[in-house]
Amino acid sequence: MRTLIKNAVVVLPDATCAVDVLIDGTRIADIDPAIQLAVDEVVDASGLHMIPGVIDDHVHFREPGLVHKEDLLSASRACAKGGVTTFLEMPNTQPATTSIRRLHEKLALAARKSVVNYGFYVGATTNNLDTLQLATRTPGIKIFLGSSTGDLFVENQDVLERIFAETGLPICGHCEDETTIQRNATHFGDTQNVADHSRIRDHEAALVATRRAIDLACRHKHRFHVLHVSTAAEVELFDAARPFVTAEVCPHHLFFTTGDYARLGTLVQVNPSIKNRSDTIGLWKALTNGLIQVVATDHAPHTLDEKNRPYPQSPSGIPSIENALALMLNAIHVGRWSLEQVVDWMCHAPARVWDIQAKGQIAIGYDADLVLVDLERSAEVQNADQFTKCGWSPWHGVTLTGWPVRTWVLGHEVFHDGRICAERCGQEVPFDHARGGFWANG
Ligand code: DOR
Ligand code: ZN
């Protein structure tokens, strides 16, 4: 099948310009100002921009075990709608992805269900070092340095030292210090005020754990990706930690502050907690000056019934997979940053961090994972329109300008006119870890 996409303004690695893009099978076959060729389909993309498909390196899709919240079909459809053509999923499912057998079971499930491309992290426990050493077909190891949703959690220093010393896969981590959290929780006693979530999981909890993980990474010269940075203070640690450390920030930490608890309550309860205005400003700055390289969602669906339990029985987590790109495009609309920067943070950088070949850029020979975005389109986020199975968004009622409108996965059109138009198009992403990660991959 050959598809010719004409008249889009295309974000190429070194220029943004009006060119035609030819898809042949699963690949981008040609990029040229005027391609004249007999093809199966011509798409007139006048007025639209074309970007590489988003690679979301941090999602929680709940299958197996918690499929009343989400599953690989509902989640991957939400991906297609949101312009996400590849997801990398975290191990805190039930059972958790802590053995090679469970990793392979997840890969098999996704092969049967996923609309978009997929990869799965393997979770660290206090006693699965052999799994972490032997695992292949994975972007890397996930460590929860503090407890969060589920029971995956490694705090023991000796265990952490061995994981960093004796494994070869890249590591990513949830950095909130358990001792600090427990001390703060004792102080706030049996509070039912969700705003105390940010006082219990406070700045210090994030800073202490991030410092600890960076120390491990630098001493053991082991690649480490700091997930969901939430404070301006953590950012200060990153410059000195190159070339071992990369970092990620999520839309909820870029766009919500503790002031939002009054309006949204437990809907914005998340780990790490949302922080202050000065933190969001520090995180925007860190993105624009390159101290944080990746924007990912941490899509963590829970049902509204679960979220509406009184704090602290309410679970932490925010769904955002189908709105994250629109949120970032909307920030272009208000002049915060450029489309090229968004493509860098959401497409190119995650491919570099996780050693994904032939994705994350629009270039000849690359996979035809492509998204057309309409930078002028304004639409309100509505709970009723969400594809995620949990069926709500903390951005309900917010109007965003800039939306993905058509998505291709490996040359197959999967989303168009507000609907999913093809299923099961996703493939397992190969990871070539010999490439050496973000600082080695140009
Ligand atoms: O808020 C969170 N929710 N943080 C996590 O680390 C896990 C996630 C979830 O799986 O619900
Ligand atoms: Zn997460």
Side-chain angles (χ1 to χ4, degrees), residues 56-72 75 84 87-98 106 119-124 139-155 171-178 181 194 197-198 200-202 205-206 209-210 213 225-231 247-253 256 258 260-261 264-275 294-307 309 311-321 324 350 354 388-390 392-394:
D56 188 343
D57 76 2
H58 186 168
V59 304
H60 301 265
F61 283 172
R62 311 304 192 200
E63 187 169 0
L66 296 164
V67 295
H68 68 287
K69 299 176 197 266
E70 191 77 282
D71 62 52
L72 289 168
V84 176
F87 68 79
L88 307 182
E89 206 247 6
M90 291 297 166
N92 61 331
T93 41
Q94 287 180 7
T97 320
T98 51
K106 260 196 186 175
F120 297 97
Y121 295 92
V122 58
I141 296 166
K142 164 75 179 279
I143 307 180
F144 285 86
L145 282 104
S147 63
S148 189
T149 309
D151 50 14
L152 275 181
F153 162 42
V154 181
E155 214 203 356
I171 301 175
C172 62
H174 179 124
C175 300
E176 285 186 294
D177 180 59
E178 189 64 19
I181 294 169
V194 67
H197 193 66
S198 292
I200 294 169
R201 292 178 177 266
D202 65 355
T210 297
H225 189 56
V226 185
L227 300 169
H228 42 41
V229 177
S230 64
T231 68
E248 162 202 291
V249 63
C250 305
H252 46 269
H253 292 125
F256 287 131
T258 48
D260 290 304
Y261 282 123
L264 294 164
T266 53
L267 297 186
V268 288
Q269 178 192 332
V270 65
N271 304 337
S273 65
I274 54 172
K275 304 290 193 308
V294 171
V295 173
T297 63
D298 195 14
H299 175 81
H302 300 283
T303 65
L304 265 184
D305 277 354
E306 293 163 340
K307 288 296 270 185
R309 290 176 196 150
Y311 183 80
Q313 281 89 47
S314 45
S316 295
I318 291 177
S320 57
I321 192 96
W354 299 107
T388 172
K389 202 189 266 189
C390 73
W392 64 276
S393 164

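Excluded from the calculations below are hydrogen atoms, water molecules and symmetry mates; all remaining heavy atoms, backbone and side chain alike, are included. Atoms within each ligand, like the ligands themselves, are counted from 1 in listed order. Residue indices begin at 1 and follow the sequence shown.
- Listed by number with element, the atoms of ligand 1 under 4.0 angstrom from any heavy atom of H302 are 11 (O).
- Evaluated by nearest non-hydrogen atom to atom 11 (O) of ligand 1, the leading choice among R62, E306, K69, E176 is R62.
- Here the CD1-OH distance, from I141 to Y121, works out to 12.0 Å after rounding to the nearest 0.5 Å.
- Side-chain polar atoms of S230 and K275 form a donor-acceptor pair below 3.5 angstrom.
- With values rounded to the nearest 0.5 angstrom, E248 atom CD is found 7.0 Å from D298 atom CG.
- Atoms of ligand 1 lying under 4.0 Å from any heavy atom of N92, numbered from 1 in the order shown and given with element: 7 (C), 9 (C), 10 (O).
- Residue H302 forms a side chain to side chain donor-acceptor pair (under 3.5 Å) with just one option from R62, Q269, R309, K307, and that option is R62.
- With sequence neighbours left out, the side-chain contact (heavy atoms from CB on, under 4.5 Å) criterion links A205 to T180, I181, D202.
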* Asked: Step by step, would you call H252 with V268 a side chain to side chain contact (heavy atoms under 4.5 Å, CB included)?
  -> CA-CA 8 Å; H252 46 269; V268 288; over 6 Å; no

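- Atoms of ligand 1 lying under 4.0 Å from at least one heavy atom of F144, given by number and element, are 6 (O).
- Only protein atoms were considered; those of element N, O or S under 2.8 Å from the Zn ion (ligand 2) number 3.
- For ligand 1 and A300, the ligand atoms under 4.0 Å from any heavy atom of the residue are 3 (N), 8 (C), 9 (C), 11 (O).
- When only interatomic distances are considered, the shortest N/O to N/O separation between Q269 and ligand 1 does not fall below 3.5 Å.
- Numbered from 1 in the order shown, with element, the atoms of ligand 1 that lie under 4.0 Å from a heavy atom of V270 read 1 (O).
- Note: no N/O pair closer than 3.5 Å links H228 and ligand 1 by distance alone.
- Contacts between I318 and ligand 1 below 4.0 angstrom, taking non-hydrogen atoms only, are absent altogether.
- Ring-plane geometry between H58 and H228 is classed as tilted, the angle between the planes lying from 30 to 60 degrees on a 0 to 90 degree scale.
- Tested against E70 for a side chain to side chain donor-acceptor pair (under 3.5 Å), the candidates H299, H60, K389 yield a single pass: H299.
- For the atom pair OG of S393 and CD1 of I321, the computed distance is 12.5 Å after rounding to the nearest 0.5 Å.
- Between the CE atom of M90 and the SG atom of C172 there is a distance of 4.0 Å, given to the nearest 0.5 Å.
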